[in-house]
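Below you'll find the structure, written out as structure tokens, and then a few comments.
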2 protein chains.
Amino acid sequence: MEISERKKRILAAVVDSYIESAEPVGSKTIAEKPGIDVSSATIRHELAELERLGYLEQPHTSAGRIPTPQGYRLYVNELMEQHKLTLEETEQINRSLNMKIQQLDHLMADVGQLTASLTSYPALALTAPAKCTISRFDLIYIDANTFIIVVLLSSNTVKNKLVHLPFSVEQGMIQKLAALFNAHFTGIADDEVTPLLISSVERAALDTMGLVSIIAGFAIEVLSETASSAYLTGTQNLLQLPEFRDPDKAHRLLNYLGDKEHLLSLPLPQSTGDVQVFIGPENVAEELKDSSVILASYDAGDNTRGLIGVVGPTRMDYANIAAKLGYIANGMSQLLSAGEKPPEGWGKLTLMQSNGEGSIGNGR
Amino acid sequence: MEISERKKRILAAVVDSYIESAEPVGSKTIAEKPGIDVSSATIRHELAELERLGYLEQPHTSAGRIPTPQGYRLYVNELMEQHKLTLEETEQINRSLNMKIQQLDHLMADVGQLTASLTSYPALALTAPAKCTISRFDLIYIDANTFIIVVLLSSNTVKNKLVHLPFSVEQGMIQKLAALFNAHFTGIADDEVTPLLISSVERAALDTMGLVSIIAGFAIEVLSETASSAYLTGTQNLLQLPEFRDPDKAHRLLNYLGDKEHLLSLPLPQSTGDVQVFIGPENVAEELKDSSVILASYDAGDNTRGLIGVVGPTRMDYANIAAKLGYIANGMSQLLSAGEKPPEGWGKLTLMQSNGEGSIGNGR
DNA sequence: GCTGGCACTCTCTATCTTCGAGTGCTAATT
DNA sequence: AATTAGCACTCGAAGATAGAGAGTGCCAGC
């Protein structure tokens, strides 16, 4: 059943007002809004209807209405206006992102921080790297007891490890090993590194004194490094929200979010700029059933997808937050995939127009 | 003026009881304790004395006593019993630490998590690396447009960077550059890398097409990388404490702790195993004036000192927490400096006896 | 179908009362 | 002189009561 245009306008007014004030909204408040030109009595009729339809509810008989998750959903899907970021906001984001080109690890933490401070909600930043292969081995001979393993990955990242030995090796041996590993260990996935493979390489190079297994061990470590990382920042923001004045409630949520496992089990949106909204009971996790989660995904270069998001009460400024997240995610994509290939362009994020076009998925 | 033995026993009883219950302690409660064999009236006399001396205070006239920071200080310095960790506890710590030998970055975050869960307080983990120099350059030629810079630091860590060029270079050039950098850029601190030095190197190698500045730039980045990192975990623990039931108070503290700058400005204890306690107003930061901070320092191998700690109300179980922090810090030291040199031993933390000897500094 | 009016409901706040834990003081005891 | 029992007193915490105000549903009239 389609609901009338007027009902929609009224619902939108209720949600807007409640998002702003966190107080149940009464018929009078709505009647006073511009664009609504009927009396409060009429509004009351409509509100009663909307309640019957499941979009609103009353905390108690003689209070105003607050939106139900279903109400928020309709709002997010159809009613809310596209939020335009101000020029200051976009510039602040651009500036912050440009400043923070460092190792991915720090970038992650920093962008989380940025998101938190920009939205005033607890923010999370995740990466879920795709599997990759080793494209090249180098062994750098330092001295008789020391060498460095340098591994170039198909994702164009470099990993290294310094190895000290309790015995000495010759430079020739190191070179021989490098050649061997380049021949046998490149281009293969982590599950192809079998004990069989290792022992066959070990046989090919005699007198390795266990070096093969050290290097192979590093290769496995690098390949299997499911370095999905998760950062949670701005948790203090939660405490300012009226719905989390109850320390126990705040504690429950933060306790849940504090566990990386939980964060990593969040659903990963697909395409860059896609902003997804999960409202209250739409969340799978029991602990999130009366909170909302907004997630935006970005392309982190080497086959990796990243995720930024915020967590808050169902009463969130969805339009605003979604726009901001979308913009940040786009910026990250540009930064990281720009850095992927060319040495130029890296480190400069050109001002995107804030189209905020991120399709607001329906989250179910 | 030295206070009597009995006063000390009574003060200790008050602190112990208050740490446990978070409620003001009355004379009757103390009189019932074993080891105290005087009547509550006598206790009241003594309590009044202790209050006059500044060790105790009353929230209001008709309530029990709670310790002042001065009272806690005396308790920590002289009265509290050495807390013995149970075998389970030490084994849990050992097991957790042994499991977490990964990159330092993750280790840091993980040990923070461990500390938080072990103590039930918000935990912090910091590193403050010492300055170091570059001991060796290697440039790995990949193809005409690509090479890897590998830098071995005096601290025995390795840093690398993959460089893509918009033009092509010959392998010979790369080798020449490596030799040049090894000749001029090794063994010097970051402030010795002057533009003068760079341009003189640039002149020595003709036709470098800007490569020198790329490599020098990386060298500077690596040297100046004041990679002091700070992790804060277990913030949710704060909310369970009765003294932080007030969301505003919790918010203020968490807001302060959320800023890395603030964490990094904490005083750094010197020697490994040294546990330092800062009680209430002993903290320099205004925001910590009614909280306590317990810090333990460890030797993180390559010239670096690490720090773990917890933050909580002045009412903390100092003995217990100090013992735990000391034990973890010792474990970290063993792990990290063990890993520094030999390839063996790395990854096995032998069971330390929990002497908990960490001198409890007087924090002023 | 919309509106003004009206009785009703229910929470929120302020004020008051009561209760009890804990104190300080005093007088008696060791 | 130190300790103890007894007692009046203080003050916050918790519960009870009353009033105010916001908002509702419904009805009669336009």
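Here the structure is a predicted model, which is why all the values come from computation and not from measurement. Just so it is clear: chains get the letters A, B, ... in the order the sequence lines come, proteins before strands, and each one is counted from 1.
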Salt bridge (Lys or Arg N to Asp or Glu O under 4.0 Å) involving B/E78 - partner list, sequence neighbours excluded: B/K8
If the condition is side chain to side chain donor-acceptor pair (under 3.5 Å), which residues does B/E243 pass it with, not counting sequence neighbours? B/R315
The ring-ring contact (aromatic ring centres under 6.0 Å, His included) partners of B/Y75 (sequence neighbours excluded) come to none
Taking 4.0 Å as the cut-off, does a side-chain nitrogen or oxygen of B/R6 come that near to OP1 or OP2 on D/dT3? yes
Polar atom pairs between nucleotides 4-14 of chain D and protein, under 3.5 Å, N or O only, would you list them?
residue : atom : partner : partner atom : Å
D/dT4   : OP2  : B/S39   : N            : 2.7
D/dT4   : OP2  : B/S39   : OG           : 3.2
D/dT4   : OP2  : B/T42   : OG1          : 2.5
D/dT4   : O5'  : B/S39   : OG           : 3.3
D/dG6   : O6   : B/R44   : NH2          : 3.2
D/dT10  : O2   : B/S62   : OG           : 3.1
D/dC11  : O4'  : B/S62   : OG           : 3.4
D/dC11  : O2   : B/S62   : OG           : 3.2

Excluding sequence neighbours, so at least two apart, what forms ring-ring contact (aromatic ring centres under 6.0 Å, His included) with A/H45? none
Tell me, which pairs form a salt bridge (charged side-chain N to carboxylate O under 4.0 Å, His left out) where one or both residues lie in residues 59-70 of chain A, sequence neighbours left out? A/E51-A/R65
Span of DNA chain C in contact with chain A (heavy atoms, under 4.0 Å): C/dC2 to C/dT11
Please list, chain by chain and in numerical order, all residues satisfying side chain to side chain donor-acceptor pair (under 3.5 Å) with B/S4, sequence neighbours excluded. none
How would you list, by chain and number, every residue that makes a side chain to side chain donor-acceptor pair (under 3.5 Å) with A/D248, sequence neighbours excluded? B/R245
Looking at DNA chain C, which of residues 24-31 of chain B put a heavy atom within less than 4.0 Å of it? B/G26, B/S27
Only pairs at least two apart or in different chains count here, so list each salt bridge (charged side-chain N to carboxylate O under 4.0 Å, His left out) that has a residue in residues 27-47 of chain B. B/R6-B/E46, B/K7-B/E46
Please name all residues satisfying side chain to side chain donor-acceptor pair (under 3.5 Å) with A/Y318, sequence neighbours left out, ordered by chain then number. A/S292
Length of the CD-P vector between B/E49 and D/dA2, whole Å: 11 Å
Plane angle bin for A/Y18 and A/Y72 - parallel if under 30°, tilted between 30 and 60°, otherwise perpendicular: tilted
To the nearest angstrom, how far is A/L56 atom CG from D/dT24 atom P? 11 Å
